[in-house]
Amino acid sequence: MKNIIQPVKGTREFYPEQMALRNFIYEKARAASQAFGYQEWDGPFIESIDLYAAKSGEELVKKQSFVFEDRGGDLVTLRPELTPSLARMVAARQNELTFPVRWWSFGPFWRYEQPQKGRTREFFQWNIDMLGVDSPEADAELIAVAATFLRSVGLDPQRTAVFVNNRRLMDSQFDALGIPPEKRLEISNLIDRRSKMDSAKWEANAFELGFDQKQLDGLKNVLGNYDLWKGNEELVRLFSALDALDVKEYVKFDPNIMRGLLYYTGTVFEAYDIRGLVKRAILGGGRYDNLLADVGGQPLPGVGFAMGDVVAGIILQENGRVPEFQPSPASVLVTVFDQNMLSRSYALASALRRAGVNAMVYPEPAKLQKQFKFADKMKLCVAITIGPDEVEKGRVAVKDLKSGAQQIVPEDAMIEFVRRLLDSQ
RNA sequence: GUGCCUGUAGCUCAACGGCAGAGCGCCACACUGUGGAUGUGGAUGUUGUGGGUUCGAAACCCAUCAGGCACCCCA
């Protein structure tokens, strides 16, 4: 063990148990996406660094990307996010795609960050977007997809919520407070920090950034006003649509939700585990109406969100929402009585498989005790034994491993018998 | 990239300058044609790695790697 090469920092190894969790998240994301008619797609895993330089922000490109030179001397990067690839691919076929485009994807991403709980350097992310429609109802649909996912994995509105805000609404509030446009990034970071700092430090920080007492008081008023959305037509329509979509119970307006991304233009939202230990968002997204024009396409509005598998997996585990692990996809073990019977056992297993039953054979003669222990560990449902006694009578022993009951049945009735046993469980 | 905490058996942890241990798990047997329970026995460590201090280091010091917490950032 000592001389084994360690896995690369921040990567994860997926043993069958972890793979099952990843696939569970994938299946639920797919079900929620498809329920709303979204098509699955994917982009390249390696992209030119220039793709992200335009709009993703300096931090992402310069510090958080895996960048390397290929053999031809070009700088390439393992994709840190999907939206720029989406924008390019849509822009490339803008005249032939049928709009609105509803696309979803689930794949690997890489970011060169300091690993800690909920954050790794290699992770999987569910992305889902709608392009071509600029309406609060479209925003509501994406939030409804997110809520549908949460509901489908058993995270109810008492433990999880989607918090919604609107960039345009906040901009108008900042205007009213006399905060100039060039300070928008700073103030948005300041708002993000608020929940992590004590209020005295946070206020000192605000003064350092050049805000005066009046602006600070005004800002605190805005951030504490959870009825702010009622005066905003976009948000009123959004919440009305959420009501019709039957997901209103999951969604709350929260003026403190800002999101760091530069390209969001309207609605922004993040889902959190309300009482959980993980303070990171389960998923986050929003409306980006300028992105396609920014990468060289015709102007096209879009809205979407992304969910990482790391935080989602932790929250599912903390809430006991991960389905029990099934060690084996087989339900039947055919034991091997002795060397002479080995091929008889293989033949029985083959017959079961042809009938659509997943079956394993113990691959060598061993004590039956050991073979049954193996079946137990693999949580199989049925064990079939064929020994000299059975062969003589043309029968096989079929044991229901859940109840412990064993029956001797004619060999030609085995498949029907096993099927009925499995169906009854 | 910065600061702090932690690395001991497969897992969870103890020993905190003086013989490296426990529980769980694993393997075998009791039980040579049948699992889950019970009992008995057994195996497993260059104490993350490399160096230093010391008569003596798992423990103290330095470096390094990995994980965690906070900062940063969160597309």
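Proteins come first, then strands; the chains are lettered A, B, ... in the order of their sequence lines, and each starts at number 1.
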Counting heavy atoms not belonging to A:K220, are there more than 12 under 6.0 Å from its NZ? yes

Under 6.0 Å between ring centres, would you say that holds for A:W126 and A:Y26? no

Starting at the 5' end of RNA chain B, what dot-bracket string do you get if Watson-Crick and G-U pairs under 3.5 Å are bracketed, crossing pairs use [ ], other-strand pairs use | and unpaired bases use dots? (((((((..((((....[..)))).(((((.......))))).....(((((..]....))))))))))))....

Rounded to the nearest Å, what distance is computed from the CZ atom of residue A:R280 to the C1' atom of nucleotide B:C72? 11 Å

Just how far, in rounded Å, is C1' of B:G35 from CE of A:M378? 14 Å

Rounded to whole Å, the CZ-P distance (A:F163 to B:C74) equals 20 Å

Determine: side-chain N/O of A:Q116 to OP1/OP2 of B:A70, distance under 4.0 Å, yes or no. yes

Checking A:R102 against A:F36: charged group under 6.0 Å from the ring centre and within 45 degrees of the axis? no

Mind checking the CD-CZ spacing from A:E113 to A:R119? Nearest 0.5 Å is all I need. 4.5 Å

Does the side chain of A:V336 reach to within under 4.5 Å of the side chain of A:Q371, using non-hydrogen atoms? yes

Could you state the CG-C1' distance from A:L368 to B:G36, rounded to the nearest angstrom? 16 Å

For B:A30 versus B:G67, give the span between their P atoms, rounded off to a whole number of Å. 46 Å

What distance, rounded to whole Å, do you find between the two C1' atoms, one in B:C61 and one in B:G25? 37 Å

What is the distance from NZ of A:K9 to C1' of B:C65, rounded to the nearest Å? 8 Å

Between A:K402 (NZ) and B:G36 (P), how many Å, whole number? 15 Å

Look at A:K377 and B:C27 and indicate whether a side-chain polar atom (N or O) is within less than 4.0 Å of OP1 or OP2. yes

Write down the distance separating the P atoms in B:G56 and B:G51, rounded off to the nearest Å. 16 Å

Could you tell me whether the side chain of A:R121 reaches within less than 4.5 Å of the side chain of A:V8, counting heavy atoms only? no

Give the rounded distance in Å between these two atoms: CD of A:Q114 and P of B:C71. 14 Å

Return whichever of A:K367 or A:D376 has its heavy-atom-nearest nucleotide of RNA chain B closer to the 5' end. A:K367

Could you state the CZ-P distance from A:R119 to B:C71, rounded to the nearest angstrom? 10 Å

Interatomic distance at C1', B:A57 relative to B:C62, whole Å: 15 Å

Member of A:F372, A:Y346, A:F374 meeting the ring pair (Phe, Tyr, Trp, His ring centres under 6.0 Å) criterion with A:Y362: A:F374

